[in-house]
2 protein chains.
Amino acid sequence: MSTADRLIESTRELLWERGYTGTSPKAIQQRAGAGQGSMYHHFAGKPDLALAAIRRTSEQLRAKADEQFTGPGTALERIAAYLRRERDVLKGCPIGRLTQDPDVMADAALRAPVAETLSWLRERLTQVLAEGRERGELDASLDPETTAATIVAVLQGGYVLARAANSVAPFDAAVTGVLGLLTPAVRCGAGATGS
Amino acid sequence: MSTADRLIESTRELLWERGYTGTSPKAIQQRAGAGQGSMYHHFAGKPDLALAAIRRTSEQLRAKADEQFTGPGTALERIAAYLRRERDVLKGCPIGRLTQDPDVMADAALRAPVAETLSWLRERLTQVLAEGRERGELDASLDPETTAATIVAVLQGGYVLARAANSVAPFDAAVTGVLGLLTPAVRCGAGATGS
DNA sequence: GTCTATATAATGATAGAC
DNA sequence: GTCTATCATTATATAGAC
């Protein structure tokens, strides 16, 4: 891995663990095993490096999510697979946590990939839900767009509850709860006739 | 308002806006119109002042939530009133945001009120849901505990989505979505016989 | 109680040698 | 490309006068 890559990876880790304000250039350099000059040779400064890190994290997040969204099964099964996927729950969402960083939100360039990632997630889930509704897997009364927002919010909020409790239990409960709410939508609308 | 009170209020505002790491004693003093000596006379330091601020914010949050929980209407109506209550959505949750502050989570004293507040919210909603189920307002298959976790998560996650989008729309969508999912639980279980 | 030094470390960067 | 000064500013206090 090149020095530039190591700097980006270190920044990704530190942004996840400590946020933008809590991450100093010095800490990044030490974790990457690079000197000051090295960092400022490859990147204009902390914001420039953070942008590269956030973009890479955003790409990885989307790719991992798409694994579940494009996987096998009904819409509900794919959503359950996504929500129940193995996650570093106690570390939280590496993208969602940046919304609490005022310096990130204040910088249009840093903010854009955060906004795009969460919008993309909602859109992608909207598609999956709409598809499930068309196929009769989900109740016709279910609104794909608002339900997609709910599902993404449950994830993001589940991380918050887990971090507060220092336990994955509230995250798991929130996921179980929303899947429980989604399941009757199948029973009531499509009937208990199938499989 | 006393100097100590002004310091606590300034800290509350800054913790909400910029988090713990992003809030300096100097910024607190300037907003409170107090000098260094004044702050260190009343409080042992930044953690001590933050603790007082977090405790006060926690109390206010619980009191405001209880207004809706103990209000009139069915369980679902009270939950809808709570979720749809007027909020500073783009500022996020003053308690939930602290879960992203590593220095807060690393300090047992600072962490405790954060953990307690979110636990309390889940417990309180669990009670409201259990009550609604007993009264036949909600489907018997609905699990109060996991559903309560889902509702709190939707709130916390809704804030994240709103901040990312710099718009209240995703928050409102998430709330509408979860209320939509809760509503069929009434129709299916209790039947469309009532009112 | 409040104020003004004073102090130590960290932050975020620049300059220039190698 | 990487390294070692160097630098101005901020963070987080302490000390002691008033």
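Letters A, B, ... are given to chains in the order of the sequence lines, protein chains preceding strands, and every chain is numbered from 1. The basis for the numbers below is simple: all heavy atoms, side chains too, and nothing from hydrogens, waters or symmetry mates.
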Whole angstrom is fine here: how far is it from [atom1] in [X] over to [atom2] in [N]?
| X | N | atom1 | atom2 | value |
| --- | --- | --- | --- | --- |
| F43(B) | dT12(D) | CZ | P | 17 Å |
| K26(A) | dT10(D) | NZ | C1' | 15 Å |
| H41(B) | dT4(C) | NE2 | P | 17 Å |
| H42(B) | dT12(D) | NE2 | P | 20 Å |
| I28(B) | dT2(C) | CD1 | C1' | 18 Å |
| Q29(B) | dG1(C) | CD | C1' | 14 Å |
| L7(A) | dG1(D) | CG | C1' | 12 Å |

With a 4.5 Å limit on heavy-atom distance, are the side chains of [X] and [Y] in contact?
| X | Y | value |
| --- | --- | --- |
| M105(A) | V114(A) | yes |
| P170(B) | V160(B) | no |
| W16(A) | D88(A) | yes |

So does S38(A) get a side-chain nitrogen or oxygen closer than 4.0 Å to the phosphate oxygens (OP1/OP2) of dG1(D)? no
Hey, does the side chain of T3(A) come within less than 4.0 Å of dT2(D)'s phosphate (OP1/OP2), counting only N and O?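 Looking at the OP1 and OP2 atoms of dT2(D), one of them is under 4.0 Å from a side-chain N or O of T3(A).
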Should the pair R18(A)-D103(B) be classified as a salt bridge under the 4.0 Å nitrogen-to-oxygen rule? yes
Would you say the side chains of T176(A) and R84(A) form a donor-acceptor pair under 3.5 Å?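 Judged by distance alone, the side chains do pair up.
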I'd like to know if the side chain of T150(A) and the backbone of V178(B) have a donor-acceptor N/O pair within less than 3.5 Å.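 It does hold such a pair.
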R163(B) side chain vs L90(B) backbone, donor-acceptor pair below 3.5 Å: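 Here the side-chain-to-backbone pair exists.
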Going by the rule salt bridge (charged side-chain N to carboxylate O under 4.0 Å, His left out), which residues pair with R78(B) if we only count those two or more places apart in sequence or in a different chain?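 Counting only residues at least two positions away or on another chain, R78(B) forms a salt bridge (charged side-chain N to carboxylate O under 4.0 Å, His left out) with E131(B).
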What nucleic acid atoms does S2(A) come within less than 4.0 Å of, heavy atoms only: base, sugar-phosphate, or nothing? nothing
Could you write nucleotides 13-18 of chain D as a row of B, S and -, 5' to 3', where a protein heavy atom under 4.0 Å of any base atom gives B, of only sugar-phosphate atoms gives S, and otherwise -? BB----
Tell me which residues in residues 14-22 of chain A put a heavy atom below 4.0 Å from DNA chain D, sorted by number, or none.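 Under 4.0 Å from DNA chain D: no residue of residues 14-22 of chain A.
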Apply salt bridge (Lys or Arg N to Asp or Glu O under 4.0 Å) to R56(B) and E9(B), showing your working. CA-CA 9 Å; R56(B) 187 175 288 185; E9(B) 288 303 308; 2.7 Å; yes
